[in-house]
Engineer: 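Have a look at the structure that comes next, please.
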2 protein chains.
Amino acid sequence: MISQKAKYALRALVVLARADAQKALFISDIADEQNIPKKFLEQILLDLKREGIVMSRRGKMGGYLLLKPADEITFGEVLRLIDGPIASLPCLSKIAYRRCEDCESEETCEIRHVFHRVANVTRGVLDGTTIADCLAYGKASPIAAVLEG
Amino acid sequence: MISQKAKYALRALVVLARADAQKALFISDIADEQNIPKKFLEQILLDLKREGIVMSRRGKMGGYLLLKPADEITFGEVLRLIDGPIASLPCLSKIAYRRCEDCESEETCEIRHVFHRVANVTRGVLDGTTIADCLAYGKASPIAAVLEG
DNA sequence: TCGATACACGATTAATTCAGTCGTGATTGT
DNA sequence: ACAATCACGACTGAATTAATCGTGTATCGA
């Protein structure tokens with residue numbers, strides 16, 4: 001299960017991607033549209049900003065807008081930022097490798113090879129899917145959802 | 001990341017699968033071989049027993065043995081039992097479906113279709129891999145690990 | 001220049017989960 | 001009877017999750 005925070009982050013990015021690329025959106029507008037607690041979303045957008053995915057303007061007429069093009073923001077990137085490693089075992093993580101303490105060696109670990117395959121297929125989907133791939137979905141065009149069944 | 005508990009469960013099952021099918025193993029022997037806290041493993045084996053995956057004998061000369069054949073115990077089955085759903089979203093879980101509270105509808109959810117694909121490929125691996133597929137690995141035959149690279 | 005509106009950011013919190021540990025009881029082979 | 005083994009509920013400390021609170025800073029428009 002991904003965290004609630006990651007879910008909010010992804011949906012906020014979709015909203016930003018759907019908006020006019022030049023026009024900043026208020027936190028409160030995004031929060032209202034997606035039923036996200038405003039203060040929590042504020043925190044999330046700050047994380048995304050530090051990572052260079054979005055930018056913000058302060059003051060009246062401020063708000064948030066995408067810094068990276070929507071088709072260059074992958075699900076994998078966002079999930080790693082918010083939830084941490086995608087791999088099921090610390091010894092398989094790219095961004096936060098850690099040896100399993102209880103494990104004698106990675107070569108003879110009985111289960112590592114299985115989760116290595118899991119990590120590969122999962123990364124295949126998450127690093128191969130971008131925010132732009134979600135634009136057809138959502139309030140704007142409920143019809144699009146039918147396409148996938 | 002899977003839990004430590006799930007990791008222990010899978011490795012304990014591999015140990016049981018490697019043993020003589022008729023001979024019960026003590027909790028303490030499995031715990032020692034895999035560096036698992038004994039009391040914690042006791043709890044885990046009870047879970048696996050309730051599920052019908054292993055059985056136990058009490059008293060002196062007691063111990064645990066597999067109830068199901070190793071090639072019929074899938075990773076998916078064990079992970080669902082110990083860690084819960086494999087799906088990344090509650091609304092995609094087979095064993096514990098729950099509607100996402102903050103989500104208007106599943107048809108128009110902007111991110112659901114992506115995690116549906118993730119769930120499919122993950123299940124493909126986890127439900128398609130059994131404890132028997134791990135027998136070549138581990139202490140018994142460190143050479144086998146080389147085969148995969 | 002003033003004030004309303006927006007983002008910035010650290011601190012705090014309640015609830016839950018994780019990873020065990022403890023203690024006692026029941027069963028069985030010798 | 002005794003020792004070894006599993007059974008099982010209760011407990012615990014640390015970490016994580018999902019927020020909330022409060023104050024500060026920037027900016028626009030009148």
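So you know, we letter chains A, B, ... as the sequences are listed, proteins then strands, and number each from 1.
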Engineer: Rounding to a whole Å, what distance do you find between B/I36:CD1 and C/dT21:C1'?
Structural biologist: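 Rounding to the nearest Å, CD1 of B/I36 and C1' of C/dT21 are 16 Å apart.
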Engineer: Can you check the B/I2 CD1 to C/dT17 P distance for me, whole Å?
Structural biologist: 18 Å
Engineer: Mark yes or no for a side-chain to base donor-acceptor pair under 3.5 Å between B/E42 and C/dT21, with no hydrogen or angle criteria applied.
Structural biologist: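 Answer is no: no donor-acceptor pair is held.
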Engineer: Below 4.5 Å, heavy atoms only, C-beta onward: do A/K7 and B/I111 meet side chain to side chain?
Structural biologist: yes
Engineer: Do the side chains of A/V121 and B/L89 join up, straight or via other hydrophobic residues, at under 4.5 Å, putting them in one cluster?
Structural biologist: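 Yes, same cluster.
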Engineer: If we ignore angles and hydrogens, is there a donor and acceptor under 3.5 Å between the side chains of A/D83 and A/S3?
Structural biologist: yes
Engineer: Measure the CG-OG1 distance between A/L79 and A/T74 for me, rounded to the nearest 0.5 Å.
Structural biologist: 8.5 Å
Engineer: Looking only at atom types and distance, does a side-chain atom of A/R112 sit under 3.5 Å from a main-chain N or O of A/C91, one as donor and one as acceptor?
Structural biologist: yes
Engineer: Indicate the atoms forming the closest heavy-atom contact of A/R18 with A/L135, along with that distance.
Structural biologist: CG-CD2, 3.8 Å
Engineer: For a quick check of understanding: with a heavy-atom distance under 4.0 Å over all strands, which category does A/K49 fall into, base, sugar-phosphate or nothing?
Structural biologist: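 Touches sugar-phosphate only.
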Engineer: Give me the atom names and distance for the closest heavy-atom approach of A/Y8 to A/P37.
Structural biologist: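 Residues A/Y8 and A/P37, closest heavy atoms: OH-CD, 3.7 Å.
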Engineer: CG of B/L41 versus P of D/dT5: gap in Å, rounded?
Structural biologist: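 Going from CG in B/L41 over to P in D/dT5 covers 14 Å.
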Engineer: Nearest to the side chain of B/K39 - C/dG23, C/dG20, D/dA19?
Structural biologist: C/dG23
Engineer: Write down the distance between CG (A/L46) and P (D/dA19), rounded to a whole number of angstrom.
Structural biologist: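 Atom CG in A/L46 sits about 17 Å away from atom P in D/dA19.
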Engineer: Show me the protein contacts with nucleotides 24-29 of chain D, counting only N or O atoms at under 3.5 Å.
Structural biologist:
unit_1	atom_1	unit_2	atom_2	d
D/dT25	O4'	A/R58	NH2	3.4
D/dT25	O2	A/R58	NH2	2.9
D/dA26	O4'	A/R58	NE	3.1
D/dA26	O4'	A/R58	NH2	3.4
D/dT27	O2	A/K60	N	3.4

Engineer: Do any of residues 86-94 of chain B sit with a heavy atom less than 4.0 Å from DNA chain C, and if so which?
Structural biologist: none
Engineer: Whole angstroms only, please: what is the NZ-P distance between B/K38 and C/dC22?
Structural biologist: 13 Å
Engineer: Just how far, in rounded Å, is P of D/dA7 from CZ of B/R50?
Structural biologist: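 Nearest whole value for this atom pair: 9 Å.
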Engineer: Which part of the nucleic acid, if any, lies within reach of B/L45 when heavy atoms closer than 4.0 Å are counted: base, sugar-phosphate only, or nothing?
Structural biologist: nothing
Engineer: Within the pair B/S56 and D/dT5, is there a side-chain N or O less than 4.0 Å away from OP1 or OP2?
Structural biologist: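 Looking at the OP1 and OP2 atoms of D/dT5, neither is under 4.0 Å from any side-chain N or O of B/S56.
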Engineer: List the steps and the verdict of ring-ring contact (aromatic ring centres under 6.0 Å, His included) for B/F115 and A/F75.
Structural biologist: CA-CA 10 Å; B/F115 290 105; A/F75 270 59; 5.7 Å; yes
Engineer: Between B/L65 (CG) and D/dC6 (C1'), how many Å, whole number?
Structural biologist: 13 Å
Engineer: How long is the line joining CZ of B/F26 and C1' of C/dG29, in whole Å?
Structural biologist: 11 Å
Engineer: Verify the contact: side-chain N or O of A/Y64 to OP1 or OP2 of C/dA8, cut-off strictly under 4.0 Å; return yes or no.
Structural biologist: yes
Engineer: Using a cut-off of less than 4.0 Å, is there contact between a side-chain N or O of A/Y8 and OP1 or OP2 of D/dA18?
Structural biologist: no
Engineer: Could you measure the distance from the CG atom of B/D29 to the CG atom of B/L16? Nearest 0.5 Å is fine.
Structural biologist: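 One gets 10.5 Å once the value is rounded to the nearest 0.5 Å.
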Engineer: For residues B/K38 and B/A31, report the shortest heavy-atom separation together with the two atoms involved.
Structural biologist: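 Scanning both residues, the minimum pair turns out to be CA-CB, 4.0 Å.
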